[in-house]
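Quick note: residue numbers are just sequence positions, from 1. For ligands, and for the atoms within them, numbers begin at 1 and follow the listed sequence.
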Amino acid sequence: MGGESAVDNILNLADRMLKKLRLPYRSGDTEVLTSVSIGASIFPTDTPDSSKLLAHAKAAMRQVKKNGGNGFFFYKPFMNERIAERINLENRIKEALEKDEFVPYFQPVVEINSSRIIGMEALVRWKKSEGSLILPRDFIPLAEETGQIIPLGKNILQNACAITKSWIERGFSDLKISVNVSARQFDQKDFGKMVKQVLRETGLPAESLDLEITESVISRDLERTGIMMFELIDAGVSFSIDDFGTGYSSLLSLKMFPISTLKVDQGFVADMTSNPNSSAIVRTTISMAKGLGLKVIAEGVETNQQLELLRRLKCDSYQGFLFSAARPADEFEQLLIDNRRKAA
Ligand code: C2E
Ligand code: MG
Ligand code: MG
């Protein structure tokens, strides 16, 4: 059915179905709430082919689900293109993992008082065979969605730990490596076991590993999260909260969980020398962290003014382009050698 009235009819029908199906119903003693996602495709406007028509309707339904579910969409051509793009990228990530194209870059963490490199954050880069470099924002979100972050995260952890172990063996024994962990990885039942296995296999001392999680991780399943963290902390691993100030962790959870470092989000650092609200947030975060016995790292430090202000606010350490962006392992090693020579 084509034409205006067909569209109106479908809309009307979908609306009635949604209203009816949304009503709670009883099953025994429990009240059950359902949500409904409806997609529709119109014959022959969208396609004259009956099997495609169904696939189009399904694509529209998936789009509803992606937007949180409980609603209705008509099929639009971009819906299939997006799915095709996604599947394409998903396959390319799989291949890249097999070809070992994900490499950690390292950004130094610098102690403000001594200008000494005390550690580094592993930041993943997708290095394609033809030489191009892809940044995390272009593949981490999809890898998180598809679950590929689980093998990918393990791969990054293995590489970062193995390289750090080799630096420790060369005399940089006090270095700490920070590795980003996404919520999806943390939700894996055997996450703790996996981390300990990687430490055993690479020979990196657990005390040299720091795991960065975001506030969203500690604000969810408190009990499970706590058990997992204590298991790793017992082994010697430490935890940092990344992008602190952008999420919703309660102050109570900061007290409850065995966190050792807060990383002040770069958004606050960026305008802290011109925006009194940002500088107030940075100042408060630093003093709260100190009060709780935590260390503070400021992220995204780009100017000397920012560094001076952080020094005055008694921030412990920083990362940022002012000192160095993330670099490949060999370049980072050179930076480390030069830095330690100066400090000696
Ligand atoms: P993040 O963990 O908060 O990392 C900090 C980001 O800020 C990095 O971007 C870093 O290159 C960038 N940055 C460092 N200094 C400066 C500066 O002075 N100015 C500005 N404007 N930016 C600076 P990158 O490497 O693109 O990573 C982005 C995000 O992707 C990371 O944010 C992290 O959430 C995620 N990510 C990176 N590597 C991994 C990984 O191995 N696993 C997981 N799960 N996520 C990762
Ligand atoms: Mg991080
Ligand atoms: Mg961050």
Quiz prompt | Ser182 neighbourhood, listing ligand 1 atoms whose heavy-atom distance to it stays under 4.0 Å | solution = 44 (N)
Practice problem: Decide whether the shortest distance between a heavy atom of Arg125 and an atom of ligand 1 is less than 4.0 Å. | Solution: yes
Quiz item: Under 4.0 Å from any heavy atom of Gly300, which atoms of ligand 1 are there?
Solution: 16 (C), 17 (C), 18 (O)
Quiz item: With Gln197, which of Glu201, Arg200, Lys193 fulfils side-chain hydrogen bond (donor to acceptor under 3.5 Å, both in side chains)?
Solution: Glu201
Quiz item: Centres of the Phe72 and Phe74 rings: under 6.0 Å?
Solution: yes
Quiz prompt | Heavy-atom donor-acceptor pair, Asp210 side chain to Met120 backbone, under 3.5 Å | solution = no
Quiz prompt | Nearest protein heavy atom with distance in Å, relative to atom 41 (O) of ligand 1 | solution = Ile156 CD1, 3.1 Å
Exercise. Could you see which bit of Ala326 sits under 4.0 Å from ligand 1, with heavy atoms only: side chain, backbone, both or neither?
Key: neither
Self-check item: the Mg ion (ligand 2) - closest N/O/S atom in Asp242
Solution: OD2
Quiz item: When you measure from atom 33 (C) of ligand 1 to each heavy atom in Asn180, Ile134, Leu135, Ile140, which option holds the nearest one?
Solution: Asn180
Quiz prompt | Whether Arg62 side chain and Lys65 backbone form a donor-acceptor pair below 3.5 Å | solution = no
Practice problem: Would you please say whether a donor-acceptor pair under 3.5 Å links the side chains of Arg283 and Ser287? | Solution: no
Quiz item: Between the main-chain N or O of Gly247 and the side-chain N or O of Glu215, is there a donor-acceptor pair closer than 3.5 Å?
Solution: yes
Practice problem: Just give me the atom name: the N, O or S atom of Glu121 closest to the Mg ion (ligand 2). | Solution: OE2
Quiz item: Identify the closest protein heavy atom to atom 38 (N) of ligand 1: which residue and atom is it, and at what distance?
Solution: Val124 N, 3.2 Å
Quiz item: For ligand 1, which atoms sit closer than 4.0 Å to a heavy atom of Asp242?
Solution: 1 (P), 2 (O), 3 (O)
Quiz item: Centre of Trp167's six-membered ring, under 6.0 Å away, within 45 degrees of the axis: is that where NZ or CZ of Lys165 sits?
Solution: no
Quiz prompt | Option whose closest heavy atom lies nearest to atom 27 (O) of ligand 1, chosen from Pro104, Gly267, Pro136, Ala122 | solution = Pro136
Quiz item: Does the side chain of Lys176 come under 3.5 Å of the side chain of Ser238 through a donor N or O and an acceptor N or O?
Solution: yes
Self-check item: Protein residue, atom and distance nearest to atom 31 (C) of ligand 1, heavy-atom basis
Solution: Leu123 CD2, 4.3 Å
Quiz item: Does the pair Asp316 and Lys290 meet the rule for a salt bridge (charged side-chain N to carboxylate O under 4.0 Å, His left out), with working shown?
Solution: CA-CA 10 Å; Asp316 304 306; Lys290 298 267 148 128; 3.1 Å; yes
Quiz item: So, Gln319 versus Glu121: side-chain donor-acceptor pair below 3.5 Å or not?
Solution: yes
Quiz item: Angle class for the Phe186/Phe239 ring planes (parallel below 30°, perpendicular above 60°, tilted otherwise)?
Solution: perpendicular
Quiz item: Hey, what do you get for CG (Leu54) to OG1 (Thr47), rounding to the nearest 0.5 Å?
Solution: 11.0 Å
Exercise. Can you confirm whether something in the protein, heavy atoms only, sits under 4.0 Å from atom 25 (O) of ligand 1?
Key: yes
Self-check item: For the Mg ion (ligand 3): the N/O/S atom of Asp243 at shortest distance
Solution: OD1
Quiz item: If you measure every N/O of Asp243 against every N/O of ligand 1, is any gap under 3.5 Å?
Solution: yes
Quiz item: Donor-acceptor pair, Arg125 side chain versus Val103 backbone, under 3.5 Å?
Solution: no
Quiz item: Under 3.5 Å, N or O to N or O, is Gln266 touching ligand 1 that way?
Solution: yes
Exercise. Note the single closest protein heavy atom to atom 16 (C) of ligand 1, along with its residue, its atom name and the distance in Å.
Key: Phe321 CE2, 3.2 Å
Quiz item: What's the atom name of the N, O or S in Glu299 nearest to the Mg ion (ligand 3)?
Solution: OE1
Practice problem: Looking only at protein heavy atoms, identify the closest one to atom 5 (C) of ligand 1 and say how far it is in Å. | Solution: Glu299 OE2, 3.7 Å
Practice problem: With side chain to side chain contact (heavy atoms under 4.5 Å, CB included) as the test, would you mind laying out the steps for Phe257 and Met229 before giving the verdict? | Solution: CA-CA 8 Å; Phe257 289 118; Met229 288 177 83; 3.9 Å; yes
Quiz item: Would you say Glu302 touches ligand 1, if touching means a heavy atom closer than 4.0 Å?
Solution: yes
Quiz item: Has Glu212 got an N/O/S atom less than 2.8 Å from the Mg ion (ligand 2)?
Solution: yes
Quiz item: Which of the numbered atoms in ligand 1 are below 4.0 angstrom from a heavy atom of Gln107?
Solution: 14 (C), 15 (N)
Practice problem: Measure from the Mg ion (ligand 2) to each N, O or S atom of Ser240 and report whether any distance is below 2.8 Å. | Solution: no
